[in-house]
Amino acid sequence: MEQRLQIGEVADLLQINSSKLRYWEQQGLLRLERETENNYRQYSLQDLLRITDIVFYRNLQFSTREVRQLLEQSAGDMERELEQKQHEIEAQLLSLSHIKQEIMIRRDYLQEAVRLQQQPYQLGVPDFTRMREFREDHTADWQMMLLNQDSSVTLQRQEQGEVLYGIPAEEDETAIWQLQSGQQYAEVLLRYEINKRQYVNIRQHCQALREMNWHVGQIVSRFLFSANEDGISYDFYKGWIEVWR
């Protein structure tokens, strides 16, 4: 007579929680015989092999309902289900790849902020050449911002001037700022306090540059990230201050 195991023995043998085995039975994935006297579950060799099938498909991200259907399908139907699951996994991998890329970009921005704090006023040029005004009443502009926060750029025409929000402009769009050949810029980390609607450290940077015998002009910047310092929320931007002697 074939040896049959009780649920605790199966759980120990296969290293599967007893509650999971009971759940699979409740969901119709397992159909077990019961002892006549005490109604205990009895697991045959065929039941153990069935459990390996269940674990295999659950590891492939099939739901319990989908596994039950798979175990009742023909080989042809099963192949089609597996093909569909493969397409779903490929789509997930593409999405995860995008998420990974966004994480890497944000980490780069955090590291760039550290560099700007440690080595301010290095000469460079903005990483965009034209800027147009951000249209607060246009869905397309907000969609661009939702997809890529670093599409948020700003313009401040003078040290105490208003900060204008913008987006990098295409060649056929009207620009409110454009990079001119020969212009020099000093790179800085800017902290923008949203409640005050201003860069709280712009005067400090401009004063430091003047002490280095630079004249200062327009300031442009690109959004890096938001963070909290001493209980105050700031937007951090990589800024370029126009300088000349």
Side-chain angles (χ1 to χ4, degrees), residues 1-114 139 142-151 194 223-236:
M1 181 176 177
E2 180 186 358
Q3 180 185 6
R4 293 179 180 271
L5 303 177
Q6 295 184 358
I7 188 169
E9 296 173 310
V10 174
D12 289 340
L13 181 63
L14 302 184
Q15 294 296 289
I16 297 175
N17 195 286
S18 297
S19 62
K20 185 175 292 185
L21 295 172
R22 294 190 187 94
Y23 176 73
W24 287 345
E25 183 184 4
Q26 293 169 1
Q27 296 301 308
L29 276 68
L30 294 170
R31 297 180 178 87
L32 305 174
E33 292 187 8
R34 301 272 183 157
E35 289 186 0
T36 305
E37 295 182 0
N38 52 29
N39 202 36
Y40 286 170
R41 297 173 176 83
Q42 293 185 314
Y43 289 80
S44 66
L45 174 62
Q46 190 61 39
D47 294 326
L48 298 185
L49 293 174
R50 176 86 166 191
I51 290 171
T52 66
D53 265 344
I54 295 170
V55 172
F56 173 77
Y57 288 118
R58 289 293 287 130
N59 287 341
L60 296 184
Q61 302 297 306
F62 284 98
S63 68
T64 302
R65 178 184 60 81
E66 291 171 331
V67 172
R68 184 174 66 246
Q69 294 173 345
L70 277 168
L71 295 176
E72 296 172 354
Q73 287 179 342
S74 67
D77 289 339
M78 187 178 295
E79 199 282 331
R80 284 187 287 273
E81 290 291 339
L82 288 170
E83 181 182 19
Q84 176 61 33
K85 178 60 70 173
Q86 179 180 334
H87 292 326
E88 292 176 7
I89 295 299
E90 288 170 349
Q92 291 174 16
L93 288 173
L94 184 62
S95 176
L96 288 172
S97 177
H98 175 73
I99 292 171
K100 178 183 176 182
Q101 185 66 28
E102 291 299 313
I103 290 173
M104 291 172 63
I105 290 172
R106 183 53 57 91
R107 291 189 66 193
D108 285 344
Y109 286 167
L110 290 164
Q111 293 167 12
E112 177 68 359
V114 173
T139 299
W142 283 111
Q143 288 298 310
M144 185 181 300
M145 198 79 73
L146 289 170
L147 290 173
N148 295 291
Q149 281 188 306
D150 59 5
S151 63
I194 299 175
F223 178 81
L224 296 177
F225 57 87
S226 298
N228 189 285
E229 285 190 353
D230 300 323
I232 301 175
S233 294
Y234 296 101
D235 285 344
F236 288 82

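In this chain, residues are counted from 1 in sequence order.
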Might you point out which heavy atoms bring Q6 and Y40 nearest each other, and give the distance in Å?
NE2-CD1, 3.5 Å
How many angstroms lie between atom CG of D12 and atom CG of L14, to the nearest 0.5 angstrom?
9.5 Å
List for me each residue that meets salt bridge (charged side-chain N to carboxylate O under 4.0 Å, His left out) alongside E229, sequence neighbours excluded, and say none if there are none.
R191
Do any N or O atoms from the side chain of N148 and from the backbone of S151 form a donor-acceptor pair under 3.5 angstrom?
no
Set of side-chain hydrogen bond (donor to acceptor under 3.5 Å, both in side chains) partners for E90, sequence neighbours left out:
Q86
Taking atom CD of Q84 and atom CD of E66, what is their separation to the nearest 0.5 Å?
9.5 Å
I51 and L30, any side-chain heavy atoms less than 4.5 Å apart
yes
How long is the span from the CG atom in D77 to the CG atom in L82, to the nearest 0.5 Å?
11.0 Å
Taking only Lys NZ, Arg NE, NH1 and NH2, and the carboxylate oxygens of Asp or Glu, determine whether K85 and E79 approach each other closer than 4.0 Å.
no
Cut-off 3.5 Å, no hydrogens considered: what does the side-chain donor-acceptor table look like for residues 18-29, sequence neighbours left out?
unit_1 : atom_1 : unit_2 : atom_2 : d
S19    : OG     : N17    : OD1    : 2.5
E25    : OE1    : R41    : NE     : 2.4
E25    : OE2    : R34    : NH2    : 3.2

Approximate separation, where rounding is to 0.5 Å, of S226 OG and F236 CZ
8.5 Å
Given L32 and I7, is the side-chain contact (heavy atoms from CB on, under 4.5 Å) satisfied, shown in steps?
CA-CA 10 Å; L32 305 174; I7 188 169; over 6 Å; no
For residues 99-110, please give each side-chain donor-acceptor pair under 3.5 Å, one per line with the distance, not counting sequence neighbours.
unit_1 : atom_1 : unit_2 : atom_2 : d
R106   : NE     : L224   : O      : 3.3
R106   : NH2    : Q149   : OE1    : 2.7
Y109   : OH     : D150   : OD2    : 2.5

Kindly compute the distance separating CG (L60) from CD1 (I89), expressed to the nearest 0.5 Å.
8.0 Å
With side chain to side chain donor-acceptor pair (under 3.5 Å) as the rule and sequence neighbours excluded, what pairs involving residues 47-59 come up?
S44-D47
Counterpart residues, side-chain hydrogen bond (donor to acceptor under 3.5 Å, both in side chains), relative to S95 (two or more places apart)
none
Quick one: pull up CZ in R65 and CG in L70 and give me the separation to the nearest 0.5 Å.
10.0 Å
